[in-house]
Amino acid sequence: MIVRTTEEITGTERDVAGTGWRSKRIVLGGDRVGFSFHETTIEAGTTHVFHYLNHVEAVWLVEGEGKLTDLDNDQVYDLAPGTMYLLNGHERHQVEAHTRLRMLCVFNPPVTGQEVHDENGVYPLVAVPN
């Protein structure tokens with residue numbers, strides 16, 4: 001059994017931030033459960049382009065309001081608490097935060113915690129060490 005709090009991982013290597021976003025990686029590939037689980041916040045007034053070419057991501061929005069744009073077909077969705085989106089086709093997408101967004105995210109395959117978005121918003125596929 002694994003039990004963790006976001007408080008205990010704050011400020012550790014599991015707490016990763018970039019300009020306008022922060023990801024607390026609660027479950028990672030090294031935990032050997034087949035997925036990773038993150039609490040991600042995106043700051044109000046920021047816009048981010050992501051493209052998880054190597055991962056499927058499910059996102060559950062628990063706080064905030066914004067807009068999600070599928071950049072592959074220009075479809076736009078409103079984001080509000082209770083909204084879930086699943087990037088099962090590796091869609092290139094843009095998240096615009098009207099207010100601070102707090103999301104719970106699941107990645108498959110799991111991330112290791114060392115990934116950083118490249119210039120296209122892609123996480124590289126990093127093998128989980130044995």
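On a predicted model such as this, the values are computed, not experimentally measured, just so you know.
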Taking atom [atom1] of [X] and atom [atom2] of [Y], what is their separation to the nearest 0.5 Å?
X: Gln75; Y: Glu91; atom1: CD; atom2: CD; answer: 11.0 Å
X: Leu87; Y: Leu53; atom1: CG; atom2: CG; answer: 12.0 Å
X: Glu8; Y: Lys24; atom1: CD; atom2: NZ; answer: 11.0 Å
X: His48; Y: Trp21; atom1: NE2; atom2: CH2; answer: 9.0 Å
X: Thr40; Y: Leu61; atom1: OG1; atom2: CG; answer: 11.0 Å
X: Glu63; Y: Thr99; atom1: CD; atom2: OG1; answer: 9.0 Å

Minimum side-chain heavy-atom gap [X]-[Y] below 4.5 Å:
X: Arg14; Y: Val16; value: no
X: Val56; Y: His90; value: yes
X: Pro110; Y: Asn108; value: yes
X: Tyr85; Y: Val95; value: yes
X: Thr69; Y: His93; value: no
X: Trp60; Y: Val106; value: no

Check whether any side-chain N or O of [X] sits under 3.5 Å from a backbone N or O of [Y] as a donor-acceptor pair, and report yes or no.
X: Glu7; Y: Thr5; answer: no
X: His98; Y: Ala44; answer: no
X: Thr10; Y: Thr6; answer: yes

| task | For atom CG of Asp78, decide whether the heavy atoms of other residues, nucleotides or ligands shown that lie under 6.0 angstrom number more than 12. | result |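 Counting other residues, nucleotides and ligands, CG of Asp78 stays at 12 neighbours or fewer.
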| Pair Arg22 + Asp15, salt bridge at N-O below 4.0 Å | yes
| query | Under a 4.0 Å N-O cut-off, is there an ion pair linking Arg25 with Asp31? | reply | no
| task | Please state whether the rings of Tyr52 and Phe50 are parallel, tilted or perpendicular, taking 30° and 60° as the class boundaries. | result | parallel
| request: Could you tell me which non-hydrogen atom of Ala97 sits nearest to which non-hydrogen atom of Glu43, and how far apart they are? | output: CB-O, 3.3 Å
| field | Partner residues of Arg100 under the side-chain hydrogen bond (donor to acceptor under 3.5 Å, both in side chains) criterion, sequence neighbours left out | value |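 Scan of Arg100 (side-chain hydrogen bond (donor to acceptor under 3.5 Å, both in side chains), adjacent residues dropped) gives none.
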| Pair His38 and Phe107, ring centroids less than 6.0 Å apart | yes
Common cluster, [X]/[Y], ILVMFWY with side-chain heavy-atom separation under 4.5 Å:
X: Leu104; Y: Ile42; value: no
X: Met103; Y: Val27; value: no
X: Leu86; Y: Leu101; value: no
X: Met84; Y: Phe35; value: yes

| request: Scan Val59, Ile26, Val111 and name whichever one has a side chain to side chain contact (heavy atoms under 4.5 Å, CB included) with Cys105. | output: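 It is Val59, the one option of Val59, Ile26, Val111 that forms the side chain to side chain contact (heavy atoms under 4.5 Å, CB included) with Cys105.
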